[in-house]
Amino acid sequence: MDLNRVQIFAQVVEQGSFTGAAKALGITKATVSRKVAELEADAGAQLLFRTTRALKLTEAGSSYYNRISKILVDLQNAEDQLSANQEIIKGNLKIVCPIELGQLFLGRIFAQFLAAYPDITIDAELTNRKVDVIEEGIDILFQITESNDARLQQYEIVNAHKALMASPTYLAKHGTPTVPQDLAQHTAIKLQSAHIDGSWKIFDGKQWVAMEPKAQLTVNNVTLAREAAIEGLGITAVPSLIAQEALEKKLLIPVLEDYPMLQTKVTVSFPQRAYLPRKYRVFIEFLYAAVFMRWQDRVLQVPDFVTPKSHTATQEPS
């Protein structure tokens with residue numbers, strides 16, 4: 001049996017197309033098609049109905065896939081267990097995180113972690129685009145939002161503590177809002193993207209209301225929103241983590257502090273596995289050491305495998 005062909009066939013079924021399988025496996029579509037054809041020739045049976053619009057399993061293909069999928073899961077679990085028992089921790093981690101979180105927090109963690117584990121490498125992508133962890137072969141995903149992907153194990157790290165703020169210059173010129181309804185008279189710098197709702201969800205004392213700010217500038221990057229606010233363009237809503245220095249220097253002033261905003265969370269996710277590879281475990285333990293050093297009792301969820309000794313770090317990564 002050519003296990004490579006079997007794995008390629010399984011990916012075609014799971015991705016729903018030769019193109020999807022090729023992308024997930026990092027090989028050409030032609031290679032995928034050829035390997036599946038070779039598998040069918042060796043088996044002496046057609047496994048897939050091919051049309052211009054879709055693929056469909058034949059009866060033989062469905063029966064075959066049901067059997068091999070269990071075998072492939074067992075093989076993956078065996079590989080993960082072997083990795084979990086290795087004394088030398090090595091391998092590559094493909095990590096995706098929001099641009100600002102990577103720049104302000106994760107950069108130092110990556111450097112300190114790699115110094116501690118020289119046999120591990122990291123490929124980090126800083127992006128605010130929506131990603132598919134499984135299809136893109138991502139190991140660790142950081143988000144400032146929640147995921148409903150059942151294929152992933154997700155932990156909420158801390159609240160992002162988003163708040164409304166503006167520059168002293170803007171407030172001196174346009175006045176300071178005292179109730180949420182006043183926002184309708186102000187200019188907003190709106191943060192919006194494919195997975196970030198641009199509305200401001202504020203508790204007005206009785207209920208959560210969604211305010212639709214009148215935006216002169218709409219951006220998909222919180223650092224840009226912060227800088228535009230510092231220049232006096234309008235009121236914006238960004239996580240205090242991003243605006244901390246500007247707030248401390250009084251370049252930005254919080255507004256409507258008595259009316260809290262609906263908070264988003266910083267989360268970490270990785271594919272569901274029966275046995276978590278050691279490279280995952282040691283990175284996440286190292287991450288939580290830094291998290292506890294910086295945020296202490298504000299941490300929301302901790303994985304079971306993170307032990308108390310992991311809750312201290314040698315150097316604060318802020």
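Scope of the values below: all heavy atoms of this structure, side chains included, with no hydrogens, waters or symmetry mates.
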Check whether more than 12 heavy atoms from other residues, nucleotides or ligands sit under 6.0 Å from atom CD of Glu136, and answer yes or no. yes
Got a sec: does the CD of Gln216 have more than 12 other heavy atoms crowding it under 6.0 Å? no
Not counting sequence neighbours, which residues clear side chain to side chain contact (heavy atoms under 4.5 Å, CB included) with Ile99? List them please. Gln103, Leu126, Asn128, Asn221
At what distance, to the nearest 0.5 angstrom, does CG of Leu217 lie from NZ of Lys190? 11.5 Å
Side chain to side chain, Leu252 and Ile230, heavy atoms closer than 4.5 Å: yes
Tell me if a side-chain donor or acceptor on Thr236 pairs with a main-chain N or O of Ile189 at a distance below 3.5 Å. yes
Find out whether Leu48 and Phe9 are in side-chain contact, i.e. whether some heavy atom of one side chain is under 4.5 Å from a heavy atom of the other. yes
Determine whether Thr187 and His174 make a side-chain contact, defined as any pair of heavy atoms from C-beta on separated by less than 4.5 Å. no
What residues form a side-chain hydrogen bond (donor to acceptor under 3.5 Å, both in side chains) with Thr121, not counting sequence neighbours? Asn92
Whichever hydrophobic residues join Leu262 through chains of side-chain contacts under 4.5 Å: Phe203, Trp208
Ignoring hydrogens and geometry, is there a side-chain-to-backbone donor-acceptor pair from Glu40 to Leu47 under 3.5 Å? yes
Name all pairs fulfilling the salt bridge (Lys or Arg N to Asp or Glu O under 4.0 Å) condition that reach into residues 219-236, sequence neighbours left out, sorted by first residue then second. none
Out of curiosity, does Leu300 fall in the hydrophobic cluster containing Ile144 (side-chain heavy atoms, cut-off under 4.5 Å, transitive links)? no
Given Ile157, which of Leu287, Thr267, Val302 fulfils the side chain to side chain contact (heavy atoms under 4.5 Å, CB included) condition? Leu287
What distance do Glu59 atom CD and Gln46 atom CD have between them, rounded to the nearest 0.5 Å? 12.5 Å
Just so I know, are the side chains of Tyr288 and Pro303 near enough to count as touching, which here means a heavy-atom distance under 4.5 Å? yes
Among all residues two or more places apart in sequence or in another chain, which pass the side-chain hydrogen bond (donor to acceptor under 3.5 Å, both in side chains) test with Asp204? none
Does some side-chain heavy atom of Lys23 sit less than 4.5 Å from a side-chain heavy atom of Gln15? no
With side chains defined as the heavy atoms from C-beta onward, is the minimum distance between Thr58 and Phe49 less than 4.5 Å? yes
Residue pair Ile120 / Leu93, side-chain heavy-atom distance below 4.5 Å: yes
Which residues share a side chain to side chain contact (heavy atoms under 4.5 Å, CB included) with Val133, sequence neighbours left out: Ile138, Leu141, Leu152, Pro271
Between CG on residue Asp119 and NZ on residue Lys279, distance to nearest 0.5 Å: 12.5 Å
Arg151 and Gln272, any side-chain heavy atoms less than 4.5 Å apart: no
Nearest heavy-atom contact between Ser167 and Ala229 is CB-O, 3.2 Å
When you measure from the side chain of Asp132 to the backbone N and O of Ile134, does any donor-acceptor pair fall under 3.5 Å? yes
Taking side chain to side chain contact (heavy atoms under 4.5 Å, CB included) as the test, write out the residues that go with Ser17, two or more places apart. Thr19
Checking Glu125 now: which residues fulfil side-chain hydrogen bond (donor to acceptor under 3.5 Å, both in side chains) with it, not counting sequence neighbours? Arg129
Judged by atom type as modelled, is there a donor-acceptor pair below 3.5 Å linking the side chain of Asp139 to the main-chain atoms of Lys94? yes
Salt bridge (Lys or Arg N to Asp or Glu O under 4.0 Å) against Lys250, all qualifying residues, sequence neighbours excluded: none
Looking only at heavy atoms, what is the nearest atom pair of Val158 and Arg298, with distance? CG1-O, 3.7 Å
Ignoring hydrogens, what is the shortest heavy-atom contact between Cys97 and Gly102? Give both atom names and the distance. SG-CA, 3.9 Å
Distance-only donor-acceptor check, side chains Gln7 and Gln11, under 3.5 Å: no
Side chain to side chain contact (heavy atoms under 4.5 Å, CB included) partners for Thr28, two or more places apart: Ala30, Thr31
Quick one: ring-ring contact (aromatic ring centres under 6.0 Å, His included) partners of Phe113, sequence neighbours excluded? Tyr117, Phe283, Phe286
What residues join Ile235 in its hydrophobic cluster, counting side-chain heavy atom gaps under 4.5 Å, either direct or through other members? Leu164, Tyr170, Leu171, Val179, Leu183, Trp200, Ile202, Val209, Met211, Ile253, Val255, Leu256, Tyr259, Met261
